[in-house]
Amino acid sequence: MTSADDRPNRSTAADSGAPLTDLHTFAVELRRMNGEINRMTHGFAASQRLHPTDVSALAAILDAPSPLTPGALREHLGLTSGAVTACLDRLERAGHIRRARESADRRVVHVYYEASARAAARDYFLPLAEATARARERFGETELTTVLRFLAAMNEELAAVPPAGR
């Protein structure tokens, strides 16, 4: 694992002298964060011999307030039903998820994240959790509340933007 001291010195958008609330400054920092999270996600995918889309599916399954159906996962990921089936097949073979028919309607399948796979993900992403904790320590409760409101608003706005070509 590399520490912040081992990484190349990267300037931030805030270092550019632009106003901190400038749209470009936000775009640069959001792209940087997205790139860092993608780097970690791709590393986890490679360590588990999965495709990055499989990791996106795992995140959706983990974050869902209730068990997802393959159809809900398809809609969330914007994939075809065949692609979701292939993804779930890979995840099930790798021991990350299980599918269960639990309702009176046996056609309904729910997808669950396996506890042992959660432990593997928790171990791999521990540096991300630690980095988040260190970053949070730099801010007060009021600032963190504002940051969370901003991130929630961004996610809401981004969810409303249709994919290009649609």
Side-chain angles (χ1 to χ4, degrees), residues 1-68 72-79 84 87-88 90-91 94-98 111-164:
M1 180 171 73
T2 61
S3 71
D5 295 333
D6 298 333
R7 294 196 185 145
N9 186 7
R10 298 178 184 161
S11 63
T12 66
D15 297 334
S16 70
L20 290 180
T21 57
D22 176 71
L23 181 59
H24 176 74
T25 303
F26 274 91
V28 168
E29 292 302 329
L30 288 169
R31 280 192 300 271
R32 284 188 63 225
M33 186 172 67
N34 184 58
E36 293 297 333
I37 291 172
N38 280 343
R39 179 181 57 80
M40 293 192 76
T41 299
H42 287 210
F44 178 72
S47 77
Q48 299 294 306
R49 294 185 169 87
L50 298 172
H51 188 277
T53 300
D54 299 344
V55 180
S56 295
L58 285 174
I61 294 164
L62 178 65
D63 293 344
S66 59
L68 286 180
L73 185 60
R74 177 191 58 74
E75 187 174 307
H76 177 79
L77 296 175
L79 300 174
V84 167
C87 172
L88 293 175
R90 286 189 303 271
L91 290 171
H96 288 275
I97 60 128
R98 69 180 167 81
V111 181
Y112 295 91
Y113 203 141
E114 288 286 28
S116 60
R118 283 179 191 240
R122 191 172 25 255
D123 290 346
Y124 186 90
F125 287 106
L126 181 61
L128 175 61
E130 292 169 342
T132 302
R134 286 190 306 273
R136 288 181 63 217
E137 289 172 359
R138 298 180 197 174
F139 299 90
E141 196 67 30
T142 302
E143 291 172 304
L144 290 172
T145 299
T146 301
V147 168
L148 284 174
R149 280 186 33 240
F150 171 76
L151 292 173
M154 277 297 301
N155 286 326
E156 186 179 303
E157 291 295 329
L158 291 172
V161 175

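No hydrogens, no waters, no symmetry mates; every other heavy atom, side chains included, goes into these values. In what follows, residues are counted from 1 in the order of the sequence shown.
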Spatial distance of atom [atom1] ([X]) from atom [atom2] ([Y]) [nearest 0.5 Å]:
X	Y	atom1	atom2	answer
Y113	I61	OH	CD1	8.5 Å
L73	E75	CG	CD	10.5 Å
I97	L62	CD1	CG	13.0 Å
T41	F125	OG1	CZ	4.5 Å

**Request:** Kindly give the heavy-atom pair with the smallest separation between A117 and G95, and that separation in Å.
**Result:**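 Where A117 meets G95 most closely, the heavy atoms are CB-O, 3.8 Å.
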**Item:** Smallest separation among heavy atoms of Y124 and G43, with atom names
**Value:**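 So the minimum-distance heavy-atom pair works out to OH-C, 3.1 Å.
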**Qualifying side-chain hydrogen bond (donor to acceptor under 3.5 Å, both in side chains) pairs, either residue in residues 46-62, two or more places apart** =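 Sorted pair list: Q48-H96, H51-T53, D54-R90.
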**Asked** Do V111 and L91 come within less than 4.5 Å of each other through their side chains, counting heavy atoms only?
**Response** no
**Selection residues 58-68 - residue pairs positive for salt bridge (charged side-chain N to carboxylate O under 4.0 Å, His left out), sequence neighbours left out** = none
Could you pull out all donor-acceptor pairs under 3.5 Å where a side-chain atom in residues 142-154 meets a protein atom, sequence neighbours excluded?
{"from": "E143", "atom 1": "OE1", "to": "G140", "atom 2": "N", "distance (Å)": "2.9"}
{"from": "T145", "atom 1": "OG1", "to": "E141", "atom 2": "O", "distance (Å)": "2.9"}
{"from": "T146", "atom 1": "OG1", "to": "T142", "atom 2": "O", "distance (Å)": "3.1"}

**Asked** Is the closest basic N to carboxylate O distance between R39 and E36 below 4.0 Å?
**Response** yes
